[in-house]
Amino acid sequence: MNVLILGGTTEASALASALAERSIPALFSYAGRVATPKPQPLPTRVGGFGGVEGLAAFLADKRITHLVDATHPFAERMSRNAILAAQRSGIRCLALTRPPWVPQAGDHWQRVVGIEAAVNALAGPPECILLAIGRQHLAAFAAQPQHHYLLRLVDRPEASLPLPQHRVILDRGPFTLEGDLALLREHGIQRLVCKNSGGEGAVAKLTAARQLGLPVVMIERPALPERREVHSVEDVLAWLA
Ligand code: 3Y8
Ligand code: NAP
């Protein structure tokens, strides 16, 4: 057996620890999106594979027998490529994901599909807005320049950002409730924009928003093709067994 984990999430890290503890031969893979990704207890590669063909070649070269896609629900291209490359290579593929968050009593969510719809949802008078969607899609929000944006990023951006009024907070999750309550209060946040990532690592800001009665623009996940999917490390171990 030789497992390839496509990582980048809390669940991927938990799975890596479980395989390392059981001395199950496995490789961990990061895209290389951030300067210093969290070290893993498995041999780790960083960088793209080169599309479906590149991944299929990698699976063959490394004699991978099981592919676990434990990437983030918004890592749409990677997940699509994983399904196609596994089919092409004839190897088993499983997705390890977490269920989406659902609104609870006291939540004020405006659910949108896609970044553009999130930008359009911000039409209106100037507000202090926490943009907790990372770095890759910030430029789109220049279409709503009237707001004061608080950006939470993993790395300091190289280029200057196209948002006229913004402040950058450098931090990587998992985040805590008291930390996110303090962040929202300190910066007088009036609205949040975030992705429906699910899981525990990024949920604190939603709990904090609920306690402070703040509205949230919630970007729903991209649709993915039908695939085998589990929500726990135990289910992955059972599948490997
Ligand atoms: C490079 C590798 C672990 C994994 C930790 C999880 C939790 C903390 C919360 C907010 C939301 C956001 C962002 C976020 C969270 C976990 C998880 C998660 C959200 C690291 C990591 C990598 C990345 C890539 C990065 C993206 C960005 C997204 C920041 C490691 C820390 C906003 C997603 O600067 C950039 O280009 C950053 C890019 C993709 C989204 C974006 O579009 O900018 N994650 N995040 C992975 C790789 O190279 O393959 O160092 O751990 C991982 C984690 N980030 O093992 O503990 O499981 O989701 N990551 C979102 O959810 O909206 C922050 O600020 O409230
Ligand atoms: P994406 O848009 O779906 O993928 C774009 C390309 O990046 C892929 O086609 C692949 O390049 C490469 N790639 C992505 N994930 C990879 C991995 N784990 N190992 C090797 N190559 C990878 O991906 P993304 O949304 O930018 O996410 C990149 C990474 O950040 C993933 O590990 C994901 O789990 C993590 N992450 C993303 C988010 C988010 O909000 N998107 C949040 C938290 C963590 P090739 O085509 O060249 O193979």
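As the structure is a computational prediction, the values presented were derived from the model and not from experiment. In this chain, numbering begins with 1 at the start of the sequence shown. Counting starts at 1 for both ligands and their atoms, in listed order. We use all heavy atoms of the structure for the numbers below, so side chains are in, but hydrogens, waters and symmetry mates are not.
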Q) Which residue owns the protein heavy atom closest to atom 32 (O) of ligand 2, what's the atom, and how far is it? A) Gly7 O, 2.8 Å

Q: Considering only non-hydrogen protein atoms, determine which one is nearest to atom 48 (O) of ligand 2 and report residue, atom name and distance to 0.1 Å.
A: Phe49 N, 2.7 Å

Report the member of [options] with the shortest heavy-atom distance to [atom].
atom: atom 64 (O) of ligand 1; options: Arg152, Arg156, Arg135; result: Arg152
atom: atom 61 (O) of ligand 1; options: Ala75, Gly198, Ala202, Ser197; result: Ser197
atom: atom 6 (C) of ligand 1; options: Gln40, Arg98, Lys38, Met78; result: Arg98

Q: Report the part of Arg172 (side chain from C-beta onward, or backbone N, CA, C, O) that has a heavy atom under 4.0 Å from ligand 1; answer both or neither where that applies.
A: side chain

Q: Describe, in one word, how the ring planes of Tyr30 and Phe28 are oriented to each other, choosing from parallel (under 30°), tilted (30 to 60°) and perpendicular (over 60°).
A: perpendicular

Q: Identify which one of Leu96, Thr97, Val236 satisfies the side chain to side chain contact (heavy atoms under 4.5 Å, CB included) criterion when paired with Glu11.
A: Leu96

**Q.** Protein heavy atom under 4.0 Å of atom 18 (C) of ligand 1
**A.** no

Q | Under-4.0 Å protein heavy-atom contact, atom 41 (C) of ligand 1 | A | yes

Q.
Please report whether ligand 1 has a polar contact with Gly32, defined as an N or O pair separated by less than 3.5 Å (distance criterion only).
A. yes

Q | Nitrogen or oxygen atoms of His137 and ligand 1 under 3.5 Å apart | A | no

